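Every chain is numbered from 1, with letters handed out A, B, ... down the list of sequences. Here the structure is a predicted model, which means the values were calculated and not measured.
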Protein chains: 2
Amino acid sequence: MVTLADVARLAKVSTMTVSKVLRGTGAISDETKTRVFEAADQLGYVPNRLAGSLSTRKSMLVAVLIPSIADTIYAEIISSLHGLLDQASLSIFIAESRMDPQIEERQVQELLSLRPAFLIRSGGIDSTKRTQALLKRFKVPHIQIWDGDDPQGQVNVGPSHIEAGKLAAAHFLGLGLNRVAYVGAETQLDICASRRMESFMADMNAAGVEVSVITEPHLPRQAESGEILTRQLLEGGLSVEGIFYLNDAMAIGGLRTLLNAGYRVPEDVRVMGFNGTSREQTINTRLTTISTDGRRLGEAVAKAILESDNGELAEFRQLCPLTLDLGNTT
Amino acid sequence: MVTLADVARLAKVSTMTVSKVLRGTGAISDETKTRVFEAADQLGYVPNRLAGSLSTRKSMLVAVLIPSIADTIYAEIISSLHGLLDQASLSIFIAESRMDPQIEERQVQELLSLRPAFLIRSGGIDSTKRTQALLKRFKVPHIQIWDGDDPQGQVNVGPSHIEAGKLAAAHFLGLGLNRVAYVGAETQLDICASRRMESFMADMNAAGVEVSVITEPHLPRQAESGEILTRQLLEGGLSVEGIFYLNDAMAIGGLRTLLNAGYRVPEDVRVMGFNGTSREQTINTRLTTISTDGRRLGEAVAKAILESDNGELAEFRQLCPLTLDLGNTT
DNA sequence: TGTTTATGTGTTATCGATAACAAGATAGAT
DNA sequence: ATCTATCTTGTTATCGATAACACATAAACA
């Protein structure tokens, strides 16, 4: 492995000089500079940032902790983040919490052991006491995303899920629906989804509309679960005029079940999702959904990081706008 | 920041003893062990793995370099990888090459500067000479994914895109089509897609069927591009009986355009995609596509890593099976 | 000529951990 | 009682870089 010392030896200078040349700090004569550059190039030297970070006590690492990378909305956020942070040579490393506080605790430890310069964490899960204590003690600049309703960390960027539930309710009420359902999964873990459900129910109830809740704590938030739960709903003999699903994937599954069972959408039942992740993938049936722009969210986070003063984040909260994407299912 | 020394001080032992206790190496009396554990716990000590890695000269980092995290197929691979590597306390950090050799070169440098234990890299792009030289010089255990046709690195896991093209051709030929088109984007960068196209064309041509190629080097591989290029195809007055798209997203866009223009699918035109990323998201129109299982691919890679002998990968190649997912668009 | 001021370059200590070895304490063997 | 073996703990050097400072050398000024 090529080290600074190897380059120094070849260029016949000290390691310190090489270090200065390669980072562009200090005053170095042009002649030495070229000698050093040539030596580094010839040896294919790539600095060891682990050592560098240890020495300077600043890391170039940005830790990202989210429920799942396979969830399109988070993948979008990370992708946009990476594009922007890359300019500053910040590296991103990721971990999945799967919405589980215990797993989250372990992941936070793993992430902190790399001494990241920033920790980006998806909110909306009920972190353990130890997790909270760790985060407080380490006082890593902490950015919470996704949960705009319960700001934590110096920076918070995300949509209000309470607002999302209200939007859904307003939409259904505007259509004059009288009997509706909410279909979800992994209920006790996902606080954001709970908030959507609760504010949806509250507003519906306030207007005199009852909401049937169909949830199953252990099903994943996928299309298949949407199918299963919707089948349950139909078998239960409940006839509803509208269904608000936890997310787009489940809504798609629900749609499949409804259409297969001979229901017409939206004539017989209206269907609404959340997140807008199906937008790109649908053809004639365009799901009505409520969404927020993941790439824009990523940009806001990147901005906060890039504008941080020597690693110190300025306090910043931003509620990401939600839009009701009208499809043809409501 | 709490260090080993802090823990040692509180437990009234040397740093070495603390290090041994926390890693479970060496012979330590039970009494000291509990004292150390208590001290560590009380201080909320989290080891600094940067320092640890520097000292042991082994890192716990796995670098992943892919075209885009927002591309569902890669997100799936990473998610499955993370789940398995986590057991071994291996951290994953990611970088996007956007299919650009120059960007890839820069990303490889960034990644190598973190001295990863393994480098997982998506093949199918034409790496620069410097990139290749770097990878060779560093001799990081190198795993190539996604491109099964041109194995590089000690481990190679991915589908054969030549085979995919052949599958597509066989399917269209089996349907008796006589005039078909291939629609793609970013052509000169994506070698895997090129291979699919070329083997598709070769087999079609061999059977006497001509293939119209509609591509645009600078369009992204999205639904919208599928719309644009399909519109171009229609405006060109070309009447084809089948279209093979670069991926599912573009095929979906193409489907939208075709249906809007009054074409019936599959009666007038057959449509086929690649990757299967739309499967979860479609409702009545189920796209015929060719796919490989991303999670399984991730598992194979994780297995190779976990079974590596002290960081040394055993040579291993695996062609991931491709399946033709018959929908109702062909 | 002697002193100051730039301008380059090198020394030393340090970051937080671990490897390798050294050493003190205790117990058992002779 | 002496010696060796075992068990436990501590010392020192090191990983690859950088911060802070020290030291040459040459130019600039009185």
Quiz item: A/K33 side-chain donor-acceptor pair to C/dG8 base, under 3.5 Å:
no
Distance-only donor-acceptor test, A/K20 side-chain atoms vs C/dG8 base atoms, 3.5 Å:
no
At under 4.0 Å between heavy atoms, what does [X] touch on the DNA or RNA strands: base, sugar-phosphate, or nothing?
| X | value |
| --- | --- |
| A/T32 | sugar-phosphate |
| A/S14 | base |
| A/R23 | sugar-phosphate |

Euclidean distance, atom [atom1] of residue [X] to atom [atom2] of [N] [Å, nearest integer]:
| X | N | atom1 | atom2 | result |
| --- | --- | --- | --- | --- |
| A/R57 | D/dA19 | CZ | P | 9 Å |
| A/L50 | C/dT18 | CG | P | 14 Å |
| B/K58 | D/dG16 | NZ | P | 13 Å |
| B/L112 | D/dG16 | CG | C1' | 16 Å |
| A/M60 | D/dT18 | CE | C1' | 14 Å |
| A/L54 | C/dC15 | CG | P | 9 Å |
| B/I28 | C/dA25 | CD1 | P | 17 Å |
| B/M16 | D/dT14 | CE | P | 16 Å |

Would you please confirm or rule out a distance under 4.0 Å between OP1 or OP2 of D/dT14 and any side-chain N or O of B/S55?
no
Taking 4.0 Å as the cut-off, does a side-chain nitrogen or oxygen of B/Y45 come that near to OP1 or OP2 on C/dA17?
yes
For a 4.5 angstrom cut-off between non-hydrogen side-chain atoms, does A/V2 reach A/V46?
no
Contact nearer the 5' end of DNA chain D, comparing B/S29 with A/A5
B/S29
Go nucleotide by nucleotide along DNA chain D from the 5' end; which of B/T56 and B/K12 gets its closest nucleotide reached first?
B/K12
Checking side-chain hydrogen bond (donor to acceptor under 3.5 Å, both in side chains) between A/N156 and each of A/H142, A/R317, A/Q144, A/E315, which is the one that passes?
A/Q144
Check: B/S19 side chain, B/T15 main-chain N or O, donor-acceptor pair, under 3.5 Å:
no
In a check of side-chain contact (heavy atoms from CB on, under 4.5 Å) between B/M99 and each of B/D126, B/I66, B/D190, which one passes?
B/D190
Candidates C/dT9, C/dT18, D/dG16 - which lies nearest the side chain of B/T15
C/dT18
Do NZ/NE/NH1/NH2 and the carboxylate oxygens of A/K303 and A/E299 come within less than 4.0 Å?
no
